[in-house]
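FYI, side chains are in, hydrogens and waters are out, and symmetry mates aren't considered; it's all heavy atoms of this structure. Residue numbering restarts at 1 for every chain, and letters A, B, ... go by the order of the sequence lines.
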Amino acid sequence: MINIYNKIKKVLYDEVKEMLPIEIDMEEFYKEVIVERSREKKYGDLATNTAFVFSKRINKSPIDLAHQLSERLYFPGGEITEIVPSHPGFINFKLSNKFINSELIKILELKSRYGTNYTGKGKKINLEFVSSNPTGPLHVGHGRWAAFGDCLSNIFEANGYEVIKEYYINDAGTQVELLGKSVLARCREILNIPSEFPEGGYPGKYVYDIAETLIEKKGKDYFSYQADKIIKDICIQSTEIMMGRIKETLEMMGVKFDIWFNESELYKTGLFNQVIDSLEKKNFIYFKDDAKWFVSSKYGDDKDRVVIRKTGEPTYFGADIAYLKNKLNRGYDKNIYIWGSDHHGDVMRLKAVAKVLEKEPAKVEVIIGQFVNLISKGKPVRMSRRRGKFFTLRELLKELDKDVIRYFFVMKSLDTPLDFDLDLAKEKSMENPVYYIQYVHARIESILKKAKEKDIEIPSFDKINLDFISQPDEIALSKELIFYPFIIKKACQNRATHIITNYLENLAKIFHLFYTNCRVIVEDNSVTNSRMSLILATKQVIKNALKILGVSAPESM
RNA sequence: GCGCCUGUAGCUCAGUUGGAUAGAGCUACGGACUUCUAAUCCGUAGGUCGGGGGUUCGAGUCCCUCCAGGCGCGCCA
C-alpha cells in the first residue's frame, strides 16, 4: 500500500517535469509534493497538492493547472481508475477495485506480518522508560510510560527496527539509603526493638511490607545488630525486594524489559570515574566552589551543572553522563528516553553530553510525556510518594482489566495530560472504546463459527474471491483495511501510539456498519465467499493492530 | 522573570511538514432486533478552533503579542 504513494509521486514528477517550462529539482519535488488520503471521499481516495506547489511559479491558477495535469496522468499498472481535479486545486485519485483486491489478498497472505515494513532494517534502538526509583511502588502515572513505551517498542519493531527495552535502576543514591533506614526502623517497630524513624523517611504502608519480607528472610535476631553494621545490606535487600515488586507489576501490565541496568554498575566498573576524568582533561568539566561542573551552558543549557558534589558524591546528572556513555559504547543507532514532563528541563544537558561524547546528538532522543491526573469523585487526587499517599498501578490492575488500562494509556497523545477518572473507569468500563474494537474481533469469530456449523468453506488466501465486493459498505471497509500499513509507518514517524487507536476506532465503526448492512452468510455462494474473505482480512488487521497495543483479541465477548 | 507543554462542541479528545464545507466518542433527544452477538447501527442537536494582530492564493496548523492552566528552572532524584 505504501508503494502506491511513491508510485503516484513518480508519475506526477515525470509529468510535471515534461509539462512545465521550468527547472524542477527532484529532491525538492519529493519534499514539497504531498500525496495523502483525500479529505473529501467523494472525489477520490488519495489527493495531491501538486498544483498548489507549482501554480505560482508558472503564474497559473491552481485549479487550471490541476485540470491540465489530471488529463495527462496515466497509470499503466491500472491502480488508479479516476483522476479528478477539484476546487481549489487538488488532484484526486480513485483506487481501482483490482488494486484494492490485490491489497486485500496481501493481508491474508502476509497474516501477522501485514502492515510491517523494513524502514528500520539493520538499525538498533535502545528505548528506556519507566525507570522509576526502587524506593516505592509504581503509581498510576508510571503505567502511562509502561504502556506507551511498550507500545512504541512494538511500533518500532513493526517498522523493522530492533529494539532493546531498558529500565534504569537508581540503586546508588541517598534515596536508597533513606529507604533502607526506613525499612530498618519498621523492622524494629514490628519486632518491638526501640528505634527512631528517620527524618524524611518513606512513610508508605509498603515499607512495612518490605520489612515483613525482610524479617522472614533474615530472622529476628539480625535486627538487633548495630544499625551501621547492617544498614548497607538492608539497603541492598530492600531495593531488591522493591524491584521484585515493580517487575511483577510491570509483568501484570504485559511489559517485559530486556535490560535492567543498575546505576551502581557505573561505579563498580570504574566507568563513572573514567568518563569524568576524560571530560575533565578535555575541559568539558571544571572545578569550582569545591565541586565539579559540566559546561552544559556552552551547548544550549541555561547554566553549567554540577556532576560531583562538594561531598565527593556524584549527582544524578553526573551518573547520567556515565550511563549515556555506557549506552553509546553499546553501539545503538538511537537511544530514546521517555521522560515525564517534570524532567523536560534536563533534556538540554543530556543533549549537551551527547554532543560532547559522540558529536552526534541525533543519537539521543527524548520523548516528553505529560502527567496522569488521577480523578476520584470528581476531584483530582494528589499523588505524592514522599507523603505516602498515592494510588498504585498494582491497585489499579486489581480493579481493571489490563487491556482497558493499556488502551487507556496509549489512546491519547503524550503531549496531553491524561485525566484518569477512577470511578468512570470502574463503573462504566463498558463504554471504553477498547470493547468496541474487541467486539469486532468477537463478531467475526462468531460468524466463522457459524460458517463452520453450516459447513461453509472458509477460504484460504489462494481460494479467495473478492470480485463480488460492490456494496458501499464493503468497499469502505476494504479501503480502510489497506491503509493499515500507512498507519504503522506514520505512528513510527510521529512516535505516536494514538494514531493506531484512532485508526482502530474508525475501522471498528466501519466494520460495525458493514456488519449491520451486509450479511456474510447468504444464499449466493460467491457473495458469501467474498465477504468471508473480507472479514478474514478485517480480523487479521484488528489482531495485528491490537497486538501492537498489547491488547488481546478475544474470540467471544 | 526564563523555558517546555496545553487551550478545538456541554465533557474527553483527533486534526503528517499550511489546503477542500473543522471531525470522532461520550452525554441529550428520536428511531432500528423473526436473521452471523443490540457491548451494535441510523438520525437530530451541539463551534467567534482562548483573545488580538501579522505572513499569503489559503491559517486550527507558521510568526508576534496578550490571557488562562500544567510542569520545570537544586551540589533532589
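The side chain of A/Leu513 sits closest to B/C41 out of B/U21, B/C41, B/C76. For A/Lys450, the listed nucleotide lying nearest its side chain is B/C36; candidates were B/A39, B/C36, B/U16. Closest contact between the side chain of A/Gln370 and the listed nucleotides B/C5, B/U17, B/C76 involves B/C5. In the set B/A20, B/U6, B/C75, B/U6 carries the atom at the smallest distance from any side-chain atom of A/Asp415. Nearest to the side chain of A/Tyr436, among B/A39, B/U17, B/C41, sits B/C41.
The side chain of A/Thr315 contributes no N or O atom lying less than 4.0 Å from OP1 or OP2 of B/G74. Residue A/Arg309 places at least one side-chain N or O closer than 4.0 Å to OP1 or OP2 of B/A77. Here A/Arg519 does not reach the OP1 or OP2 of B/C36: none of its side-chain N or O atoms lies under 4.0 Å away. For B/G74, neither phosphate oxygen OP1 nor OP2 lies less than 4.0 angstrom from any side-chain nitrogen or oxygen of A/Arg305. Side-chain nitrogen and oxygen atoms of A/Lys489 include none within less than 4.0 Å of the OP1 or OP2 phosphate oxygen of B/U16. Taking only side-chain nitrogens and oxygens, A/Thr416 comes nearer than 4.0 Å to OP1 or OP2 of B/A14.
The separation of B/C42 from B/C49, taken at their P atoms, amounts to 29 Å, rounded to a whole angstrom. When the P atom is used for both B/U56 and B/A14, the distance is 31 Å, rounded to whole Å. Distance noted for atom P between B/A45 and B/C5: 38 Å (whole Å). Comparing B/G70 with B/A28, their P atoms sit 31 Å apart, to the nearest whole Å. B/C73 and B/C66 have their P atoms separated by 24 Å, given to the nearest Å. Nucleotides B/C11 and B/G51 have their P atoms positioned 15 Å apart, rounded to a whole Å. Nucleotides B/U34 and B/G25 are separated by 26 Å at their P atoms, to the nearest Å. Of the P atoms belonging to B/G69 and B/A32, the separation is 49 Å, rounded to the nearest Å.
Counting only heavy atoms from C-beta outward, the side chains of A/Leu324 and A/Val364 approach each other to under 4.5 Å. Residues A/Val53 and A/Val16 are not in side-chain contact: their nearest non-hydrogen atoms beyond the backbone lie 4.5 Å or more apart.
Nucleic acid contact class of A/Cys492 (heavy atoms, under 4.0 Å, all strands): none. Within 4.0 Å of A/Lys292, counting heavy atoms only, lies no atom of the nucleic acid at all. When heavy atoms are screened at a 4.0 angstrom cut-off, A/His512 is found touching the sugar-phosphate backbone but no base atom. A/Ala47 comes within 4.0 angstrom of a nucleotide base, judged by non-hydrogen atoms across all strands.
Both A/Phe317 and A/Glu555 lie close to RNA chain B; mapped to their nearest nucleotides by heavy-atom distance, the more 5′-ward contact belongs to A/Glu555. Heavy-atom distances to RNA chain B give each of A/Lys509 and A/Lys412 a nearest nucleotide, and the one nearer the 5′ end belongs to A/Lys412.
Across all strands shown, B/G72 forms a Watson-Crick or G-U wobble pair, both distances under 3.5 Å, with B/C2. Using the Watson-Crick or G-U wobble rule with both distances under 3.5 Å, B/C62 pairs with B/G54. Base pairing of B/G7: its partner is B/C67, meeting the Watson-Crick or G-U wobble criterion (both donor-acceptor distances under 3.5 Å). Across all strands shown, B/G47 remains unpaired; no Watson-Crick or G-U wobble contact has both distances below 3.5 Å. Pairing partner, B/A24: B/U12, with both Watson-Crick or wobble hydrogen-bond distances short of 3.5 Å. In this structure, B/A38 makes no Watson-Crick or G-U wobble pair, since no nucleotide meets both defining distances under 3.5 angstrom.
Considering A/Phe148, A/Tyr435, A/Phe420 in turn, A/Phe420 is the only one that fulfils the ring-ring contact (aromatic ring centres under 6.0 Å, His included) rule with A/Phe408. Between A/Tyr323 and the options A/Tyr168, A/Tyr316, A/Phe272, a ring-ring contact (aromatic ring centres under 6.0 Å, His included) holds for only A/Tyr168.
Side-chain N or O atoms of A/Arg495 include one that pairs as donor or acceptor with a backbone N or O of A/Cys492 at under 3.5 Å.
A donor-acceptor contact under 3.5 angstrom links the side-chain atoms of A/His344 to the base of B/G3. For a distance-only test at 3.5 Å, the side chain of A/His498 fails to qualify as a donor-acceptor partner of the base of B/A14.
B/C71: glycosidic angle beyond 90° from 0, hence anti.
Classification of the A/Tyr30-A/Tyr13 ring pair by plane angle, with boundaries at 30° and 60°, yields tilted.
For the pair A/Arg349 and A/Phe294, the cation does not sit on the ring face, since its NZ or CZ is not both under 6.0 Å from the ring centre and inside 45° of the axis.
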